[in-house]
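Since the structure comes first, as structure tokens, the remarks are kept for the end.
What you are looking at is a predicted structure, and each value in this text was computed from that prediction instead of being measured. First the proteins, then the strands, lettered A, B, ... as listed; each starts at 1.
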Number of protein chains: 2
Amino acid sequence: MGRIKTDSNLTRKDVIISKAATLFREKGYKAASMRELADIVGVEAASLYNHIKSKSELLHEICFNVANRFSHIMDEVEAEKISSLEKIEKLLRFHINGMVHHFEEVYVSDREWKYLSDPYLSNFQNQRRTYRKRFAAIIEDGIRKKEIKKIDPTTAVLIMLHAISGIESWHRSKQKINGDELEENMITILVGGLKK
Amino acid sequence: MGRIKTDSNLTRKDVIISKAATLFREKGYKAASMRELADIVGVEAASLYNHIKSKSELLHEICFNVANRFSHIMDEVEAEKISSLEKIEKLLRFHINGMVHHFEEVYVSDREWKYLSDPYLSNFQNQRRTYRKRFAAIIEDGIRKKEIKKIDPTTAVLIMLHAISGIESWHRSKQKINGDELEENMITILVGGLKK
DNA sequence: TAGCAGGGCTAACGTTAGTTAGTGTATTTT
DNA sequence: AAAATACACTAACTAACGTTAGCCCTGCTA
């Protein structure tokens, strides 16, 4: 077999990570084998190790790429001078877009993170917990300002984030409405559920 | 080691299935090993095979137990003479209760079904698809009767069901509100998001 | 009390997994 | 053009997996 083909300015490692994300999404991390991944990449299994240290490195690259993007957008949103409901809408749209346009990675990060091993595991869990607290704080603020119903903020966050991970079903389904309609529908229901 | 202890009128197989559900929930189906399960049950791995045919039998017992319960409640709800919104609320409460009180099995059925093998896999997918269509039909009916906002029913179902599977996070979290409060909060947000 | 399942056990099987070692060839750098 | 690096290959190792075979004890039934 020939070399791994790299489009434009991607490294070979990037190519492997990207194909790994697809494979992990389809089969699950544990069920996906390095030999299978190698096949997809177009190379022998052993050759992968010229570019990566281990299977688990693939997983934590994927998970932290995603987690860091979310941390970053949260920084931005917190800094903006808009209402709580607008902040939430902005976050939700970012999540929905991620799930629609970077499906493989986001999905893997969401469902397979438990196979990370320490110290990555604890690290990831911390980042996740922190993110949710910041999200909940925005909701709490909205309740104080009477923009939002009196509900438990933690529960609200849980509903929002998991509802969005349901976009997985949308990807699976045969006759899907288009991505933009999906986004508008989700915003209508979710933000509508919070509004006073 | 001694025999498998069976409380009341459970068979030894039931005990194994129940402990398998817990293990599969914690580790995931693929990552859970029969030797580990045997340890938990208090027996050697080989001894499990006196009661079950295979590891995969455990998974499909769990998945279909749950799926059948949901089919059954849907039959009941469809037959009742109440408004669409009330039907939806009833279904949601059943789902929430399942997730709170039969967490292990419901969670495994929700997240690990993809490791079923045919014919169970296709079967399960069919049951799932059918269930969601029936759910969507109720929402569609509600829209026609102007009880519910004009939204895409399929998207609404997807949001509801996945939001509920987020109760997983509630189980994980240290300082949780109690189950009844959780239920009320979820109903408020979800049903509130649909109502016109 | 003899017999026979039921249900444990140990040992071992064939597979598959992730990964390493060592070698050769193509590509890049000097 | 020569030297060095990158990267592919084959072969193999060890560990773990699900599962089977065959044996032995125990407690119910005849």
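In the model, B:Ser47 has no side-chain atom that pairs as donor or acceptor with a side-chain atom of B:Asn50 under 3.5 Å. For the residue pair A:Thr154 / A:Arg132, no side-chain donor-acceptor distance below 3.5 Å is found, with atom types taken as modelled.
Closest to the A:Arg3 side chain, of the nucleotides D:dC9, C:dT10, D:dC7, is D:dC7.
With rounding to whole Å, B:Ile52 atom CD1 is found 13 Å from D:dT20 atom C1'. As a whole-Å value, the separation of A:Glu44 CD from C:dT23 P is 19 Å.
Between A:Ile143 and A:Pro153, the shortest heavy-atom distance links the atoms CD1-CG, 4.3 Å.
Here the options are A:Glu105, A:Glu112, A:Glu104, A:Glu168, the test is salt bridge (charged side-chain N to carboxylate O under 4.0 Å, His left out), and the partner is A:Arg25; only A:Glu104 passes.
Taking the charged nitrogens against the carboxylate oxygens, A:Lys87 and A:Glu78 have no contact shorter than 4.0 Å, which rules out a salt bridge. For the pair A:Lys13 and A:Glu61, the salt-bridge criterion is met [side-chain N within less than 4.0 Å of a carboxylate O].
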(message) Output one letter per nucleotide in nucleotides 15-22 of chain C: B when a protein non-hydrogen atom lies under 4.0 Å from the base, S when only the sugar-phosphate is that close, - when neither is.
(response) --BBBBB-
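A sub-4.0 Å separation between OP1 or OP2 of D:dA8 and a side-chain N or O of A:His51 is present.
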